[in-house]
Amino acid sequence: MLRHPRVIPILLVLIAIVFWVWMRDPNLDLRLSAPYFHDGVFVGGRAGIIQFLRTQFWNLSLGMAWLSLGAVLLSYGLNKTTFLGLVRRDWNIILWGFLLGPGLVVNAILKTFSGRARPQNVLNFGGENLYTPIGQIADQCAQNCSFVSGEVSGTTATCIALLMILSAHAHRMSIEMERLAQAGIAGIFGFVFWQRVASGGHFVSDAILAALITALVMAILARYWPQSADRVAAA
């Protein structure tokens with residue numbers, strides 16, 4: 001899936017399209033967030049069950065990151081070629097996908113230096129900061145800023161990892177069971193995407209670009225990670 005030669009160009013084009021659409025309509029993010037803002041609060045942050053699910057899916061992302069680290073260390077330490085159906089190369093892609101995607105690009109670079117205030121903090125929704133259109137560097141946020149979404153990024157990496165594991169075991173499942181599992185993974189992604197927007201934690205463009213950038217990082221890793229890693233492990 002990730003190694004298909006068209007995946008990287010498609011993701012790059014989609015990222016460019018998002019920037020083009022949102023920069024042509026700088027207030028699009030405000031309009032997309034407005035339906036979730038009622039009576040002075042964002043609806044996605046009201047219900048306890050929503051926060052409970054958010055916490056569980058965040059823990060799932062953390063668990064997958066630690067699992068990938070353990071799988072890689074296990075593969076080298078015990079010379080174990082496969083774990084949960086995935087070979088060492090696959091676990092390296094997942095591990096470094098987390099480190100370089102949510103870790104480096106999203107949290108260490110974009111969220112640190114973008115300066116874009118979250119929806120819940122801008123004047124348009126009762127906050128104290130100015131709204132920053134996409135594509136601009138601002139000074140409205142000092143750290144852990146809105147651009148882009150760290151949780152959507154981590155969830156994207158997690159869902160890609162889950163799809164990789166599912167694909168490795170698909171031959172043991174019926175088509176219906178595989179489709180159900182895929183729908184469940186899509187549901188996890190969809191909920192986290194919706195919650196971050198509906199709670200005022202992020203704008204829609206933050207969430208979309210977090211997913212696309214993370215997928216791009218993992219696609220590049222899948223495309224160019226040396227194939228020899230598996231042969232060494234199997235030797």
Side-chain angles (χ1 to χ4, degrees), residues 1-5 7-8 11 53-111 148-175 177-193 196 207 210-235:
M1 177 181 66
L2 287 176
R3 281 188 280 179
H4 193 284
V7 171
I8 294 175
L11 289 171
L53 289 174
R54 176 196 176 192
T55 300
Q56 301 314 306
F57 293 142
W58 174 249
N59 289 336
L60 176 63
S61 293
L62 291 176
M64 182 59 72
W66 282 109
L67 178 64
S68 64
L69 174 61
V72 169
L73 293 177
L74 184 67
S75 71
Y76 286 106
L78 299 180
N79 198 29
K80 187 176 177 62
T81 58
T82 61
F83 182 72
L84 293 180
L86 299 183
V87 296
R88 178 188 296 172
R89 182 181 190 276
D90 294 330
W91 285 113
N92 269 303
I93 290 168
I94 295 171
L95 173 61
W96 286 97
F98 273 104
L99 293 175
L100 298 178
L104 177 62
V105 176
V106 171
N107 282 287
I109 299 177
L110 296 178
K111 290 175 70 66
V148 291
S149 172
E151 287 186 44
V152 172
S153 176
T155 300
T156 300
T158 299
C159 289
I160 289 174
L162 290 173
L163 288 172
M164 291 171 66
I165 295 173
L166 177 63
S167 178
H169 296 276
H171 62 283
R172 302 177 181 176
M173 304 178 181
S174 65
I175 295 297
M177 183 63 69
E178 183 182 5
R179 295 291 182 267
L180 182 62
Q182 290 171 342
I185 294 171
I188 293 173
F189 175 83
F191 172 84
V192 173
F193 187 106
R196 300 315 296 140
L212 291 176
I213 290 170
T214 305
L216 177 62
V217 169
M218 297 188 75
I220 291 173
L221 288 168
R223 179 74 172 165
Y224 296 107
W225 192 275
Q227 294 285 349
S228 59
D230 291 342
R231 291 195 294 268
V232 171

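For the pair L99/L104, no side-chain contact is recorded, criterion being any heavy-atom separation below 4.5 Å from C-beta on. Using a 4.5 Å cut-off on side-chain heavy atoms (C-beta onward), V72 and F83 make no contact. Here the side chains of N59 and T55 are in contact, with some heavy-atom distance below 4.5 Å. Side chains of L62 and F98 form no contact here, defined as non-hydrogen atoms less than 4.5 Å apart. Counting heavy atoms from C-beta outward, R223 and P5 have side chains that approach closer than 4.5 Å. Residues Y76 and R88 meet the side-chain proximity criterion, which asks for heavy atoms closer than 4.5 Å. Within the 4.5 Å cutoff, no side-chain heavy atoms of T81 are placed close to those of V87. A 4.5 Å side-chain heavy-atom check between T156 and E151 finds every atom pair outside the cut-off.
Using cut-offs of 30° and 60° on the angle between ring planes, the pair H171 and H169 is parallel. Using bins of under 30°, 30° to 60° and over 60° for the plane-to-plane angle, the ring pair F57/F191 lands in the perpendicular bin.
In terms of modelled atom types and a separation under 3.5 Å, the side chain of S174 and the main chain of M177 share a donor-acceptor contact.
To the nearest 0.5 Å, atoms CG (L84) and OG (S68) are separated by 11.5 Å. One finds the CD1 atom of I213 at 10.0 Å from the CD1 atom of I109 (value rounded to the nearest 0.5 Å). I220 CD1 to M218 CE: the interatomic distance, rounded to the nearest 0.5 Å, is 12.0 Å. Taking CD1 from I165 and CG from D90, the interatomic distance works out to 9.5 Å, rounded to the nearest 0.5 Å. Atom-to-atom distance recorded for S61:OG and Q56:CD is 11.5 Å, nearest 0.5 angstrom. The line from CD1 of I94 to CG of L67 is 8.0 Å long, rounded to the nearest 0.5 Å.
Here the shortest heavy-atom pairing between A65 and L95 reads O-CD1, 4.3 Å. Shortest non-hydrogen contact noted between A215 and I160 is CA-CD1, 4.0 Å. Scanning all heavy atoms of the two residues, the minimum distance from P102 to A157 falls at CG-CB, 4.3 Å. Looking at every heavy atom in both residues, I185 comes nearest to L163 through CD1-CD2, 3.7 Å. Contact record, V106 with S153: CG2-OG, 3.4 Å, taken as the closest heavy-atom pair. Nearest heavy atom pair, residue T158 against residue L60, reads CG2-CG, 3.9 Å.
With sequence neighbours excluded, the residues that form a side-chain contact (heavy atoms from CB on, under 4.5 Å) with A222 are L2, R3, I93.
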Practice item. Would you please test M64 and T155 for side-chain contact (heavy atoms from CB on, under 4.5 Å) and show each step? Key: CA-CA 10 Å; M64 182 59 72; T155 300; over 6 Å; no

Practice item. Please test V192 against W58 for side-chain contact (heavy atoms from CB on, under 4.5 Å), starting from the C-alpha separation and ending with a verdict. Key: CA-CA 9 Å; V192 173; W58 174 249; over 6 Å; no

Practice item. Take L86 and M164, measure what side-chain contact (heavy atoms from CB on, under 4.5 Å) needs, and give me the verdict at the end. Key: CA-CA 8 Å; L86 299 183; M164 291 171 66; 4.3 Å; yes

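For M173, the CE atom counts as densely surrounded, since its 6.0 Å shell holds more than 12 non-hydrogen atoms of other residues, nucleotides or ligands.
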